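Both ligands and their constituent atoms are indexed starting at 1 by order of listing. Everything numeric in this text was worked out from a predicted model, so none of it was measured. If you read the sequence from its start, that first residue is 1, and numbering goes on from there.
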Amino acid sequence: MYDNWEELENSIQNCKLCKLCTTRTNIVFGTGNKNADLMFIGEGPGADEDLQGKPFVGKAGKLMDMAFMGLQINRDEVYIANIVKCRPPANRNPEDDEAEACLNYLRNQVILVKPKIIVLLGSVALKNILGKEYGITSSRGKWVERKNILYMPTWHPAALLRDENKKIEFWKDLKQVKQKLEEIKEV
Ligand code: URA
Ligand code: SF4
């Protein structure tokens with residue numbers, strides 16, 4: 001673990017800890033406010049993210065932008081990262097060995113950002129952060145507290161494109177997040 005961003009960011013350059021290194025264009029480390037109270041964790045880069053080296057800049061990113069706008073949250077206020085930093089081929093889910101190889105980078109990011117709230121976007125983020133026993137359908141919308149961090153699991157934005165109901169639930173979950181964030185800021 002590194003106690004500063006520079007060493008952490010240097011450590012991931014040319015990473016070859018898993019097989020995703022062979023197919024990536026760019027490593028997508030993470031972006032945003034490095035002292036954010038609120039952090040979002042997705043699954044892994046898609047095609048647009050792989051090309052640009054930034055998380056959530058494609059179709060799912062547009063949905064995130066709409067959510068941020070609705071919540072009156074500026075994208076630069078929050079920190080955004082993924083479980084794996086390199087794109088899984090054809091956007092398949094990251095495999096267990098890939099997530100395991102990559103997770104120490106994310107753990108280090110969380111330690112440095114020190115967020116109060118983490119939104120887990122979808123099943124891959126949920127299972128890799130809180131544990132395999134968690135299912136997204138039953139866990140979403142419910143706070144889980146661990147080591148002074150509040151976790152809110154919700155749908156991955158890509159899932160919203162396929163299901164209108166999930167849009168409503170996603171929005172409900174993020175409203176809870178916004179409300180909690182304001183409570184935290186008041187104390
Ligand atoms: N989906 C994700 O999970 N992460 C991204 O960065 C983009 C799409
Ligand atoms: Fe390294 Fe993570 Fe990329 Fe695998 S996904 S090569 S562990 S940065």
Suppose we measure from [atom] to each protein heavy atom; which comes out shortest, and what is that distance?
atom: atom 4 (Fe) of ligand 2; value: C18 SG, 2.4 Å
atom: atom 2 (C) of ligand 1; value: G44 O, 3.1 Å
atom: atom 1 (Fe) of ligand 2; value: C15 SG, 2.3 Å

Would you mind running through ligand 2 and noting each atom that sits below 4.0 Å from a heavy atom of R24?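 So the answer, numbered in order with elements, is 3 (Fe), 6 (S).
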With heavy atoms only and a cut-off of under 4.0 Å, state how E98 meets ligand 2: side chain, backbone, both or neither. neither
With a cut-off of 2.8 Å, does C102 place any N/O/S atom under that distance from atom 2 (Fe) of ligand 2? yes
Show me which atoms of ligand 1 lie under 4.0 Å from any heavy atom of [X].
X: P55; value: 6 (O)
X: G42; value: 3 (O)
X: E43; value: 2 (C), 3 (O)

For V113, does its backbone N or O pair with a side-chain atom of K34 as donor and acceptor, under 3.5 Å? no
E7 backbone acceptor or donor facing N4 side chain under 3.5 Å: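 Pair found, side chain donor or acceptor close to backbone of E7.
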Heavy atom of K19, distance to ligand 2 below 4.0 Å: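 In this structure, K19 fails to qualify as a contact of ligand 2 - no heavy atom is under 4.0 Å.
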Ligand 1 contacted by H156 (non-hydrogen, < 4.0 Å): yes
I'd like to know if the side chain of Y79 pairs up with that of Q109 as donor and acceptor (distance under 3.5 Å, no hydrogens or angles considered).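 A donor-acceptor contact under 3.5 Å links the two side chains.
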Is F56 close to ligand 1, meaning an N/O of one under 3.5 Å from an N/O of the other? yes
The one among N82, N93, V84, L63 that brings a heavy atom closest to atom 6 (O) of ligand 1: N82
Which of these, A101, P88, C86, has its nearest heavy atom closest to atom 5 (S) of ligand 2?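 It is C86 whose heavy atom sits nearest to atom 5 (S) of ligand 2.
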Taking all non-hydrogen atoms of both residues, which atom of A67 and which atom of F170 are closest, and how far apart?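 The pair with the smallest heavy-atom distance is CB-CE2, 4.0 Å.
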Identify whether the distance between the nearest side-chain nitrogen and carboxylate oxygen of R140 and E169 falls below 4.0 Å. yes
Could you check whether the rings of H156 and F56 sit parallel, tilted or perpendicular, using 30° and 60° as the cut-offs?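 Ring orientation, 0 to 90° scale: tilted.
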